[in-house]
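Okay, so here's the structure we're looking at.
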Amino acid sequence: MPELPEVETTRRGLLPHVVGRRVDGVVVRDARLRWPVPADLDRTLRGKRITGLRRRGKYLVFDCPHGHLLVHLGMSGRLSLVPDGTPARRHDHVDVQLEGHTTLRLTDPRRFGACLWLEGDAEDHALLRHLGLEPFDPAFDGAALHRLSRGRSTAIKHFLMDARIVTGVGNIYASEALFHAGIHPSRPAGRISRARYDRLAEAIRATLERALAAGGTTLRDFAAADGSLGHFQSQTAVYGREGEPCRACRAPIRLLRQGQRSTYYCPRCQR
DNA sequence: CTTTTGACCTGACAGC
DNA sequence: TGCTGTCAGGTCAAAA
């Protein structure tokens with residue numbers, strides 16, 4: 001499900017309701033996520049106050065004294081705020097009960113997501129340490145992409161989805177950004193010029209910004225913390241538009257399989 | 001080191 | 001009404 005715009009939309013929705021609040025308790029109904037949810041999470045979090053909520057790539061980091069609650073939404077995860085006592089449905093795996101009769105609820109049908117406690121400094125943890133550039137960080141630009149891609153034969157689409165290079169760009173926004181930059185998704189990353197990377201870096205930022213303004217993309221189950229749906233899916237240039245005319249040149253949009261993932265592109269606009 | 005492949009898991013949908 | 005196959009916002013580990 002969630003790429004940067006969906007995770008950031010979730011963060012913004014939660015922010016005013018969780019930061020400064022104390023945790024009254026944690027209920028783990030199913031610990032079998034990507035990694036087991038710690039059995040002692042209730043003991044760890046109970047009584048602690050959430051002092052901040054940050055995003056690093058597609059991870060949400062709930063800052064607490066002495067550590068951090070790390071949440072990843074995987075493919076189908078979602079966080080919502082519900083009144084205490086709201087009956088749990090089939091895939092509601094973790095509840096964090098907050099002071100003020102509100103429960104932060106993690107729902108994740110496919111269970112590819114994660115909910116972990118990180119002791120100490122979050123950035124030092126193995127899951128965050130090797131993450132690449134944040135698209136909205138000033139350090140993320142064409143020069144950086146150009147430098148990191150030298151000698152790489154991997155397709156640019158795959159390169160963009162590598163979190164060790166740049167974080168937050170997943171299957172939808174990689175296709176979209178490449179369209180806006182006019183780059184063919186199969187082109188080897190190492191054989192793209194500095195000038196074209198300048199354009200690509202800008203296209204990535206612009207695409208993510210527009211998706212953010214739309215509240216993200218709701219393909220099937222994404223919703224913000226308050227339940228509202230994203231609507232970027234109605235304004236994609238190429239994603240999900242196989243056979244439909246390119247919005248720029250009217251050529252039919254094509255579908256390509258790269259690895260196990262679908263890539264959409266315009267055969268005329270992207271070279 | 002890079003690249004490729006398979007694995008994890010459930011639900012929705014198409015086709016027979 | 002099944003059943004089977006394919007696909008879906010991710011990313012890690014192992015093999016080549």
Side-chain angles (χ1 to χ4, degrees), chain A residues 1-11 29-37 55-60 70-79 89-93 106-116 125-132 135 147-178 186-191 204 207-208 210-212 214-225 229-236 238-242 255-264:
Chain A
M1 161 182 87
E3 304 182 37
L4 187 151
E6 292 75 35
V7 177
E8 180 63 19
T9 296
T10 299
R11 190 188 74 86
R29 287 186 202 79
D30 193 341
R32 299 171 303 159
L33 300 188
R34 165 152 216 156
W35 298 282
V37 179
R55 179 188 57 74
R56 178 70 175 101
K58 297 172 189 168
Y59 289 94
L60 286 169
L70 188 74
V71 173
H72 194 291
L73 300 176
M75 286 280 257
S76 57
R78 136 165 159 73
L79 283 169
R89 313 258 298 270
R90 187 153 156 60
H91 300 293
D92 296 341
H93 306 314
L106 176 63
T107 309
D108 186 2
R110 293 177 74 180
R111 310 205 315 270
F112 285 173
C115 179
L116 297 168
H125 194 271
L127 289 172
L128 301 182
R129 203 174 352 161
H130 302 292
L131 291 179
R147 174 168 40 80
L148 291 166
S149 64
R150 292 310 89 182
R152 299 288 302 267
S153 62
T154 192
I156 182 61
K157 159 79 167 4
H158 187 68
F159 182 75
L160 285 188
M161 290 175 64
D162 184 345
R164 287 164 306 184
I165 305 296
V166 50
T167 61
V169 179
N171 204 41
I172 294 177
Y173 302 113
S175 277
E176 290 295 301
L178 285 169
S186 302
R187 181 169 284 275
R191 289 203 244 117
I204 289 169
T207 301
L208 294 175
R210 278 199 292 115
L212 216 34
T217 300
T218 297
L219 232 47
R220 22 177 51 81
D221 44 23
F222 172 72
L229 305 179
H231 55 268
F232 187 74
Q233 64 278 8
S234 67
Q235 27 174 317
T236 59
V238 289
Y239 188 87
R241 299 192 63 240
E242 186 194 7
L255 171 61
L256 181 70
R257 293 234 153 255
Q258 292 179 294
Q260 272 72 295
R261 315 303 297 275
S262 295
T263 302
Y264 298 86

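- At whole-Å resolution of the value, CG in A/L128 and C1' in C/dT11 are 14 Å apart.
- Between A/Y59 and A/H72, the ring-plane angle classifies as perpendicular under the 30° and 60° cut-offs.
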Bracket notation of DNA chain C in which parentheses pair within the strand, [ ] cross earlier pairs, and | pairs with another strand (Watson-Crick or G-U, under 3.5 Å): .|||||||.|||||||
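- Nearer to the 5' terminus of DNA chain B, by closest-nucleotide assignment, is the contact made by A/R152 (compared with the other of A/F112 and A/R152).
- A close approach under 4.0 Å does not occur between any side-chain nitrogen or oxygen of A/S153 and OP1 or OP2 of B/dT2.
- Distance, A/R78 CZ to C/dG10 P: 18 Å, rounded to whole Å.
- No donor-acceptor contact under 3.5 Å links the side chain of A/R111 to the base of B/dT10.
- Summarising the local packing, CZ of A/R129 is surrounded by more than 12 heavy atoms from other residues, nucleotides or ligands at distances under 6.0 Å.
- Picking from B/dT3, C/dC12, C/dG10 the nucleotide with the shortest atom distance to the side chain of A/E3 gives C/dG10.
- Judged purely by atom type and a 3.5 angstrom limit, A/Q260 has no side-chain atom pairing as donor or acceptor with the backbone of A/R257.
- Nucleotides of DNA chain B nearest to A/G151 and A/H91 differ in position, and the one nearer the 5' end is that of A/G151.
- Distance CG/A/L219 to CD1/A/I172: 5.0 Å, rounded to 0.5 Å.
- One atom, NE2 of A/H158, and another, P of C/dC12, lie 12 Å apart when rounded to the nearest Å.
- Here, B/dT5 and C/dC7 have their P atoms 16 Å apart, quoted to the whole Å.
- Using a 4.0 Å heavy-atom cutoff across all strands shown, A/F159 reaches no nucleic acid atom at all.
- Residue A/R34 places its side chain closer to C/dC12 than to any other of C/dC12, B/dT3, B/dT10.
- In this structure, the separation between OG1 on A/T154 and CZ on A/F159 is 8.5 Å, given to the nearest 0.5 Å.
- Atom CZ of A/R29 is surrounded by more than 12 heavy atoms from other residues, nucleotides or ligands within 6.0 Å.
- Taking only side-chain atoms of A/R90, from C-beta outward, the nucleotide of C/dT11, B/dT3, B/dG11 with the closest atom is B/dG11.
- Side-chain N or O atoms of A/R78 include one that pairs as donor or acceptor with a backbone N or O of A/A224 at under 3.5 Å.
- A/L256 has its CG atom 13 Å from the P atom of C/dC7, to the nearest Å.
- Between the C1' atom of B/dT3 and the CD1 atom of A/I165 lies a distance of 13 Å, rounded to the nearest Å.
- Looking at heavy-atom distances under 4.0 Å, A/R220 makes contact with a base.
- With a 6.0 Å radius and a threshold of 12 heavy atoms from other residues, nucleotides or ligands, A/R150 has its CZ atom above the threshold.
- Per the geometry, NE2 belonging to A/H125 stands 15 Å off P belonging to C/dT11, to the nearest Å.
- Distance, A/R261 CZ to C/dT11 C1': 9 Å, rounded to whole Å.
- Rounded to an integer number of Å, the gap from A/R32 CZ to B/dA7 C1' is 16 Å.
- At a threshold of 4.0 angstrom between heavy atoms, the contacts of A/R257 are confined to the sugar-phosphate backbone, with no base atom among them.
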